[in-house]
Amino acid sequence: MDNALWSLLRQAAAIDASDLHLCGDGPPRVRLLGDLRPLPRDNPAWRASEELFRPVLADWHRERLRTDGECDLACQLPEGKRFRVHLFRSGGTLAASIRLIPGAVPTCEGLGLPPVICSFAEWTQGLVLFVGATGSGKSTTLAAILGEINRTRPVHILTLEDPVEYRFQPDRSLIHQREVGQDTHSFASGLRAALREDPDVIMVGELRDEETIATALTAAETGHLVFGTLHTSGAVEAIHRILDVFPDRLRQIQSQLAVSLAAVVSQRLLRRRDGTGRVGAYEILIMTDAMRNLVREGRMEQMRNFMQTGSRLGMQTMEQALATLRRKRLL
């Protein structure tokens with residue numbers, strides 16, 4: 001990695017930006033506490049170009065950029081700071097969206113996660129979904145849960161990521177982290193292979209397509225603990241999103257989802273009232289027997305009522321989560 005890219009990444013990290021954006025013209029922009037603001041620079045070396053990213057681009061990155069118009073990768077400064085980089089073409093020029101990844105694997109306690117989410121690290125089977133918009137903290141929450149499993153359980157953890165973000169050092173667990181493009185062709189192919197690699201816990205960076213979702217359901221149904229993410233706005237909407245992928249097999253997938261799904265968490269990151277940072281808001285759906293019957297019978301519109309009255313089990317709607325944060329004067 002050359003000094004120009006190093007310097008830019010270090011400057012973004014020094015001001016605790018969550019994201020850095022580069023384009024073919026105009027100054028870099030950083031996201032601070034959810035807002036974009038310019039980071040002025042006159043030197044053209046600060047603009048997105050293949051030359052700027054040349055030291056971190058492998059041949060297969062360049063090929064994917066040429067054929068698909070975008071590619072994902074991760075890079076690391078010598079001092080250990082890591083970044084997730086998405087390169088894409090816009091208007092014929094190169095642009096970059098770079099996510100800054102904290103150096104240390106986060107902990108459940110450090111993130112202030114609700115106890116029921118922390119308890120997922122003790123589960124042994126089922127599909128657990130984390131949903132929300134890009135930048136809502138799904139990867140960070142998942143890393144905290146996997147870190148807890150790594151510290152406390154002698155199991156085999158297998159992750160499929162695009163790209164690998166947090167790097168884990170095996171503790172009590174054996175961990176293999178596979179990167180799409182480098183270690184496996186796709187999420188679907190990596191997940192198919194995972195079933196032959198004796199995992200106890202599987203983390204799928206994104207459930208993007210029918211084959212990946214179907215294989216994840218099968219893995220959860222056959223005794224694995226599977227974590228995955230979806231880009232949806234809420235917990236119930238995530239279930240609808242999965243069912244919409246299988247219009248020709250709706251009844252079958254309803255039945256399979258009712259058996260395999262264990263929990264859905266929808267999360268948002270919001271600016272703290274005092275302006276010192278951001279706080280997480282979590283909508284939590286736990287699959288009780290009643291919830292499973294609703295999924296099996298296609299009556300998802302009633303699930304929110306169960307969530308509103310399921311606080312004893314750790315469930316809550318996003319409205320309830322926001323109300324709690326306001327009572328605590330965090331929002």
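Residues: numbered from 1 along the sequence shown.
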Check: Ser311 side chain to Gly314 main-chain N or O, any donor-acceptor pair under 3.5 Å?
Finding: no
Next item on the list: Examine distances only and state if a side-chain atom of Asp68 and a backbone atom of Glu70 form a donor-acceptor pair shorter than 3.5 Å.
Entry: no
Item checked: Salt-bridge contact Arg99-Asp19 (side-chain N to carboxylate O under 4.0 Å) -> yes
Next item on the list: Compare all side-chain heavy atoms of His21 with those of Leu36 and state whether any distance is below 4.5 angstrom.
Entry: yes
Notebook entry, point to check: Do the non-hydrogen side-chain atoms of Leu261 and Val295 ever get within less than 4.5 Å of each other?
Noted result: no
Next item on the list: Please test Arg327 against Thr324 for side-chain hydrogen bond (donor to acceptor under 3.5 Å, both in side chains), starting from the C-alpha separation and ending with a verdict.
Entry: CA-CA 5 Å; Arg327 285 197 301 271; Thr324 297; 3.1 Å; yes
Next item on the list: Evaluate side-chain contact (heavy atoms from CB on, under 4.5 Å) for His224 paired with Val201, printing each intermediate quantity in order.
Entry: CA-CA 6 Å; His224 303 84; Val201 179; over 6 Å; no
Check: Counting distance only, does the side-chain N/O of Asn150 pair as donor-acceptor with the main-chain N or O of Leu146 below 3.5 Å?
Finding: no
Next item on the list: Provide the closest heavy-atom pair for Phe53 versus Ala96 in the form atom of the first, atom of the second, distance.
Entry: CZ-CB, 3.7 Å
Notebook entry, point to check: Going hydrophobic residue to hydrophobic residue with side-chain gaps under 4.5 angstrom, can you get from Leu285 over to Phe306?
Noted result: yes
Item checked: Residue from Glu161, Arg208, Glu211 passing side chain to side chain contact (heavy atoms under 4.5 Å, CB included) with Phe187 -> Arg208
Notebook entry, point to check: So, the side chain of Arg31 versus the backbone of Ser18: is there a donor-acceptor pair under 3.5 Å, distance only?
Noted result: no
Notebook entry, point to check: Any chain of hydrophobic side-chain contacts (each under 4.5 Å) joining Met307 to Val265?
Noted result: yes
Next item on the list: Kindly state each residue pair satisfying ring-ring contact (aromatic ring centres under 6.0 Å, His included) with at least one member in residues 84-115, sequence neighbours excluded.
Entry: His86-Phe88
Note to self: When you measure from the side chain of Gln308 to the backbone of Gln316, do you find a donor-acceptor pair of N or O atoms at a distance under 3.5 Å?
What the structure shows: no
Next item on the list: Output the distance between atom CG (Leu8) and atom CG (Leu52), rounded to the nearest 0.5 Å.
Entry: 7.0 Å
Notebook entry, point to check: Which heavy atom of Ala220 sits nearest a heavy atom of Leu127, and at what distance?
Noted result: CB-N, 3.6 Å
Item checked: Parallel, tilted or perpendicular: ring planes of Phe227 versus Phe130, cut at 30 and 60 degrees -> tilted
Note to self: Is it the case that the side chain of Gln320 and the backbone of Thr317 share a donor-acceptor pair, with hydrogens and angles ignored and the cut-off at 3.5 Å?
What the structure shows: yes
Checklist line | Heavy-atom pair with the smallest gap, counting every atom of Ile286 and Ala263 | finding: CD1-CB, 3.9 Å
Notebook entry, point to check: When you check the side-chain N and O atoms of Glu221 and Gln256, is any donor under 3.5 Å from an acceptor?
Noted result: yes
Next item on the list: Taking the side chain as every heavy atom from C-beta outward, state whether Ile213 and Leu217 have any pair of such atoms under 4.5 Å apart.
Entry: yes
Next item on the list: Tell me yes or no: between the side chains of Tyr166 and Thr140, is some donor less than 3.5 Å from an acceptor?
Entry: yes
Item checked: Hydrophobic cluster partners of Leu331 (side-chain heavy atoms under 4.5 Å) -> Leu270, Val279, Met318, Leu322, Leu325, Leu330
Next item on the list: Would you check, one step at a time, whether the test side-chain contact (heavy atoms from CB on, under 4.5 Å) holds for Arg151 with Arg172?
Entry: CA-CA 6 Å; Arg151 286 189 295 272; Arg172 292 200 69 195; over 6 Å; no
Note to self: I'd like to know if the side chain of Ser255 and the backbone of Gln252 have a donor-acceptor N/O pair within less than 3.5 Å.
What the structure shows: no
Note to self: Walk me through whether Thr218 and Thr215 qualify under side-chain hydrogen bond (donor to acceptor under 3.5 Å, both in side chains).
What the structure shows: CA-CA 5 Å; Thr218 298; Thr215 309; over 6 Å; no
Notebook entry, point to check: Looking at Val56, Leu22, Leu94, which one forms a side chain to side chain contact (heavy atoms under 4.5 Å, CB included) with Leu87?
Noted result: Leu94
Item checked: Cation-pi check, Arg64 onto Trp60 ring (under 6.0 Å, within 45° of axis) -> no
Notebook entry, point to check: Can you check whether Gly181's main-chain N or O pairs, donor with acceptor, with Asp162's side chain at less than 3.5 Å?
Noted result: no
Next item on the list: Decide whether Leu57 and Leu20 are clustered together by the hydrophobic rule: side chain heavy atoms of Ile, Leu, Val, Met, Phe, Trp, Tyr closer than 4.5 Å, transitively.
Entry: yes
Next item on the list: Just do the salt bridge (Lys or Arg N to Asp or Glu O under 4.0 Å) check on Glu197 and Arg192 with the steps written out, would you?
Entry: CA-CA 10 Å; Glu197 293 160 5; Arg192 285 197 309 272; over 6 Å; no
Item checked: Carboxylate-amine/guanidinium proximity below 4.0 Å for Glu50 and Arg89 -> yes
Note to self: What I'd like to find out is whether the side chain of Gln254 reaches to under 4.5 Å of the side chain of Arg296, using heavy atoms alone.
What the structure shows: no
Item checked: SB check Glu148 Arg153 (cutoff 4.0 Å) -> no
Checklist line | Sidechain-backbone polar pair: His231 side chain, Ala133 backbone, donor-acceptor under 3.5 Å | finding: no
Check: Among Lys81, Arg82, Arg167, which residue meets the side chain to side chain donor-acceptor pair (under 3.5 Å) test with Gln76?
Finding: Arg82
Item checked: Inter- and intrachain pairs under salt bridge (Lys or Arg N to Asp or Glu O under 4.0 Å), touching residues 244-266, at least two apart -> Glu210-Arg249
Next item on the list: Look at the side chain of Ser7 and the backbone N and O of Ala4, then say whether any donor-acceptor pair between them is shorter than 3.5 Å.
Entry: no
Item checked: Which atom of Leu73 lies closest to which atom of Cys71, heavy atoms considered -> CD2-SG, 4.1 Å
Margin query: Would you say that Asp200 contacts Ile157 through its side chain, given a criterion of any heavy-atom pair below 4.5 Å between the two side chains?
Written below: no
Note to self: Please tell me whether Gln267 and Thr141 have a donor and an acceptor in their side chains that are separated by less than 3.5 angstrom.
What the structure shows: yes
Notebook entry, point to check: Any side-chain heavy atom of Val131 sitting closer than 4.5 Å to one from Thr229?
Noted result: no
Check: Which atoms form the tightest heavy-atom contact between Ala144 and Leu113, and what is the distance?
Finding: CB-CD1, 4.4 Å
Note to self: Between Glu237 and Arg304, is the salt bridge (Lys or Arg N to Asp or Glu O under 4.0 Å) condition met? List the steps.
What the structure shows: CA-CA 11 Å; Glu237 289 76 9; Arg304 292 186 63 81; 5.3 Å; no
Note to self: Check for me, please, whether Val164 and Leu191 land in the same ILVMFWY cluster - side-chain distances under 4.5 Å, paths through other members count.
What the structure shows: no
Checklist line | CD (Glu79) with more than 12 external heavy atoms under 6.0 Å | finding: yes
Next item on the list: Compare every heavy atom of Cys118 with every heavy atom of Cys108, then report the nearest pair and how far apart it is.
Entry: CB-SG, 3.2 Å
Checklist line | Step-by-step side-chain contact (heavy atoms from CB on, under 4.5 Å) determination, Ile242 to Leu129 | finding: CA-CA 11 Å; Ile242 289 177; Leu129 297 176; 3.6 Å; yes
Margin query: Count I, L, V, M, F, W, Y as connected when their side-chain heavy atoms are under 4.5 Å apart, and connections chain through other members. Are Val155 and Val128 then in the same cluster?
Written below: yes
Notebook entry, point to check: Measuring from Ser260:OG to Ile253:CD1, what's the distance to the nearest 0.5 Å?
Noted result: 9.0 Å
Check: Any side-chain heavy atom of Gln177 within less than 4.5 Å of one from Leu160?
Finding: no
Next item on the list: Would you indicate whether the side-chain heavy atoms of Arg37 and Leu32 approach each other to under 4.5 Å?
Entry: yes
Item checked: CZ-CD distance between Arg66 and Glu63, expressed to the nearest 0.5 angstrom -> 4.0 Å
